[in-house]
There are 2 protein chains.
Amino acid sequence: MGEHQVQKVPLPSIRRYPLYLRLLKAHLEEGEKWISSTEIARVLNLKPIQVRKDMACTGIGGKPRIGFALEPLIFAIEQLLGWDNATDAILVGAGNLGSALTGYHGFDQYGLKIAAVFDNSPEKIGTMINGVRVFAMGEMPEMVSTLSVRMAVLTVPAEHAQEVALSLVNAGILGIWNFSVQALNLPSHIIVQRTDLAVSFAELSARLIKEIRKKT
Amino acid sequence: MGEHQVQKVPLPSIRRYPLYLRLLKAHLEEGEKWISSTEIARVLNLKPIQVRKDMACTGIGGKPRIGFALEPLIFAIEQLLGWDNATDAILVGAGNLGSALTGYHGFDQYGLKIAAVFDNSPEKIGTMINGVRVFAMGEMPEMVSTLSVRMAVLTVPAEHAQEVALSLVNAGILGIWNFSVQALNLPSHIIVQRTDLAVSFAELSARLIKEIRKKT
DNA sequence: TAGATTGTTAATCGATTAACAATC
DNA sequence: TAGATTGTTAATCGATTAACAATC
């Protein structure tokens, strides 16, 4: 009877959960047990009603006058994001950005662990980047199946992105975090998350130019 | 009479402009002169009507049966984003991520040029990162005013973010691209663009987990 | 109790999409 | 001309916000 319906959580809410998580964990560290939507909203610069809507999507209820219990809330959010057990991923493309992401603290606090890095350049293969070993691309398919990895971070140059992405999919990868500028053409069941740094820059640039022009 | 009203461009549209720009420039390179919303939509996986709405915000009109002239469209989008003349910026925090961003190709195609990098660690000061010199933080205020830079990229550890951001603002910086996890508390006229890698990761993770759970 | 907070239901807001006349 | 495309006006969709009764 479709009891186990996958509840529809709005994407903007999904984007706010990491912010909530950080705050909730910090409060837990400080020995707190409860937090109200009013308090969360104040710190994160949101509206209390929006916070409550987002909390409702986790299935956790609050207590009037008191707020929400930290622990179950943290657990529910991690569950919702699939961060409840470390999500292993591989990274392909050990350039500047790839290296930075491999060593990025802030991932390990959440589910993401880069289990292996792959690259084609002989001088990189066999070296360690921030504690993670670099393997040849040829070893990728076997390692993906051995490690049962389903996520890949793609930081190769644009001209190789499509080809590499295809080989990742063939190896069993289901989700690709694409940092290359290239749009990927992949089977529809593959989840592609694109992070285009130029897009964020455009946003800042447009807001800034508007502010500056306003003044003139 | 408020003739020169700053036209309201939706944020989602702003985010799409970099994608349009890349495509339009590529077509221009190939010797094309025109492109239709239908074609743009096909390549970028959007709806033609959405493309036309976005184009309308640039002020550039198209010709029925033919489409939009590439050159004025490119010019208008760059104008709108403030990318018409290279937007110099400084970068503070020459860690892994800072180094990667300093060398990131894809920025130079757009307005962004990192003019100088600042860091506090003595072994980095005076060195070059991807062709950009690293200066001591103490030299930042003078260089910001000399170079008339208004944008800064902030890639320092979370615990220093607030303090460094304040000194940037005091030096005359108006827009901050904040890569640190720390929320910044700054005067309201300062534009802060936050890029939180955990947020993108959350999005991918949540979509992937939903897909996987759907199958089970 | 009094009063702050939750959670529901409805209203608002803004972006996307649809329909279609105008155009070349 | 015929037909593909633009651009306008209206409808839809989804998220945010408001109002307020229920709760402890």
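Not measured: the values here are computed from a predicted model. Per chain, numbering begins at 1; letters A, B, ... match sequence-line order.
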Rounded off to whole Å, could you give me the CD1-to-C1' distance for the A:I35 and C:dT6 pair? 15 Å
In whole angstrom, give the distance that lies between atom NZ of B:K63 and atom C1' of D:dT5. 13 Å
Could you tell me how far apart B:L73 (CG) and D:dG7 (P) are, to the nearest whole angstrom? 11 Å
Where the side chain of B:P12 is concerned, which of D:dC24, D:dA15, C:dA15 is the nearest nucleotide? C:dA15
Result for 5'-nearest mapping on DNA chain D, choosing between A:S13 and B:G62, is B:G62
Under 4.0 Å from any atom of DNA chain C, heavy atoms only: list the residues of residues 40-53 of chain B that qualify, in numerical order. B:K47, B:I49, B:Q50, B:K53
Is a salt bridge present between A:D54 and A:R15, judged by a nitrogen-to-oxygen distance below 4.0 Å? no
Flag the pair A:K25 and A:E71 as a salt bridge only when some basic side-chain nitrogen lies within less than 4.0 angstrom of an acidic carboxylate oxygen. no
If you compare every side-chain N and O of B:S36 against the phosphate oxygens of D:dA4 (OP1, OP2), does one of them come in below 4.0 Å? no
Measure CE/B:M55 against C1'/C:dA15 and give the value in whole Å, please. 16 Å
Minimum-distance nucleotide (side-chain atoms of A:T38 versus C:dA4, C:dC24, C:dT6): C:dT6
Strictly below 4.0 Å: does B:R65 bring a side-chain N or O up to OP1 or OP2 of D:dG7? no
Does B:R207 reach the side chain of A:I191, with side-chain heavy atoms less than 4.5 Å apart? yes
A:E39 CD to C:dT5 P, straight-line distance once rounded to whole Å: 10 Å
The Watson-Crick or G-U wobble partner of C:dA22, with both key distances under 3.5 Å, is D:dT5
If I take atom CD1 in residue A:I66 and atom C1' in nucleotide C:dG7, what distance separates them, rounded to the nearest angstrom? 16 Å
Please give, in whole Å, the distance from D:dT16 C1' to A:L11 CG? 15 Å
Relative to each other, are the rings of A:F179 and A:W177 parallel, tilted or perpendicular (30° and 60° limits)? tilted
Find out whether B:V153 and B:T155 are in side-chain contact, i.e. whether some heavy atom of one side chain is under 4.5 Å from a heavy atom of the other. yes
Scan every strand shown for a Watson-Crick or G-U wobble partner of C:dT17, both distances under 3.5 Å, and answer none if you come up empty. D:dA10
Which class fits the ring pair B:W83 and A:F201: parallel under 30°, tilted 30 to 60°, perpendicular over 60°? parallel
What verdict does the side chain to side chain contact (heavy atoms under 4.5 Å, CB included) test give for B:T87 and B:M151, after you've listed the backbone C-alpha separation in whole Å, the side-chain angles of each residue and the deciding distance to 0.1 Å? CA-CA 8 Å; B:T87 310; B:M151 273 178 45; 3.5 Å; yes
Within this structure, what is the CZ-to-C1' distance between A:F68 and D:dC24, rounded to whole angstrom? 14 Å
